[in-house]
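Below is one structure, written out as structure tokens; the observations come after it.
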Amino acid sequence: NAGVTQTPKFQVLKTGQSMTLQCAQDMNHNSMYWYRQDPGMGLRLIYYSASEGTTDKGEVPNGYNVSRLNKREFSLRLESAAPSQTSVYFCASSEMAAPEAFFGQGTRLTVV
Amino acid sequence: AQSVSQHNHHVILSEAASLELGCNYSYGGTVNLFWYVQYPGQHLQLLLKYFSGDPLVKGIKGFEAEFIKSKFSFNLRKPSVQWSDTAEYFCAVNARGATNKLIFGTGTLLAVQP
């Protein structure tokens, strides 16, 4: 049982390049999340999707877009990467009735 | 909107010392509360959770936390830490019945010296 799978694990981008971080969960969860983790700032919510077909902004949505492709998949897109987006990105999923989140392994993104 | 505060940013303890990490949240309604642990180089794992009932909850690896509603607090405790407890600890809150948005604190980095 894979749980939450994120790809890629590592990525280096040049300023202005675009990319999509992929996330898939096999636990049949309704809710999915994207967080970024920066030293001393904890995990900050970028976007979340309470259920298939809905997405909402979190604490730090600027510079990002998301797509809830289906119940399993929730992608995060950086249209024009900036050095300030250098971070570790985590995808997570949860069920409304039991809202503890399960996390993927993370994507370490460096923008130069 | 809910928010979470963790006032201890970096804690250093010797093995066998007792641990208490503070967590306070800000939200006027009913909440679900969580502690997560992140070992070096790994993703976050659930340590324990509180939804309702007994305010003293027990988690994995000998950790426990107490929910004090009047203080909006959910402090994490362990009577005797081990070197293997070296990790970063995150408190998180979810507003019950809302959109399932899960908000994290800034984390506490615990270093246990052998």
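Every chain is numbered from 1, with letters handed out A, B, ... down the list of sequences.
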Residues of residues 106-114 of chain B contacting chain A, heavy-atom criterion under 4.5 Å, by residue number:
B:Thr106

Which of residues 60-67 of chain A have a heavy atom under 4.5 Å from any heavy atom of chain B?
none

Test item: B:Ser18 and B:Pro79 side chains (from C-beta on) under 4.5 Å apart, heavy atoms
no

Atom group of B:Leu46 that falls short of 4.5 Å from chain A, counting heavy atoms
side chain

Taking every heavy atom of B:Lys78 against every heavy atom of B:Gly62, the minimum-distance pair comes out as CG-O, 3.8 Å

Flag, side chain of A:Gln17 to backbone of A:Lys14, donor-acceptor distance under 3.5 Å:
yes

If you define the side chain from C-beta out and look only at heavy atoms, does anything of B:Phe34 sit under 4.5 Å from B:Val93?
no

Can you check whether A:Ala101's main-chain N or O pairs, donor with acceptor, with B:Tyr36's side chain at less than 3.5 Å?
yes

Would you tell me whether B:Lys49 and B:Asn32 have side-chain atoms, one donor and one acceptor, within less than 3.5 Å of each other?
no

Relative to the ring of B:Phe90, is the ring of B:Phe104 parallel (under 30°), tilted (30 to 60°) or perpendicular (over 60°)?
perpendicular

Is it the backbone or the side chain of B:Glu88 that comes under 4.5 Å from a heavy atom of chain A, or both, or neither?
side chain

Within residues 80-89 of chain A, the residues sitting under 4.5 Å from chain B by heavy atom, in sequence order, are none

Of all heavy-atom pairs between A:Tyr35 and B:Leu102, which one has the smallest distance, and what is that distance?
OH-O, 2.5 Å

Given that the side chain runs from C-beta out, which part of A:Leu43 has a heavy atom under 4.5 Å from chain B: side chain, backbone, both or neither?
both

Contacts satisfying side chain to side chain donor-acceptor pair (under 3.5 Å) that involve residues 101-112 of chain A (not counting sequence neighbours) are A:Gln6-A:Thr107, A:Gln105-B:His43

Using non-hydrogen atoms only, which part of B:Gln45 is less than 4.5 Å away from chain A: side chain, backbone, both, or neither?
neither

Shortest non-hydrogen contact between A:Phe74 and A:Tyr48, atoms and distance:
CZ-C, 4.0 Å

Does any donor atom in the side chain of B:Gln82 or B:Asp85 lie under 3.5 Å from an acceptor atom in the other side chain?
no

Find out whether B:Lys58 and B:Phe63 are in side-chain contact, i.e. whether some heavy atom of one side chain is under 4.5 Å from a heavy atom of the other.
no

Measure the shortest side-chain to side-chain distance between A:Met19 and A:Pro8 over non-hydrogen atoms and say whether it is less than 4.5 angstrom.
yes

State, without any angle test, whether A:Thr55 and A:Arg68 hold a side-chain donor-acceptor pair at a distance under 3.5 Å.
no

Quick one: does A:Ser49's side chain have a donor or acceptor within less than 3.5 Å of a partner on A:Thr54's backbone?
yes

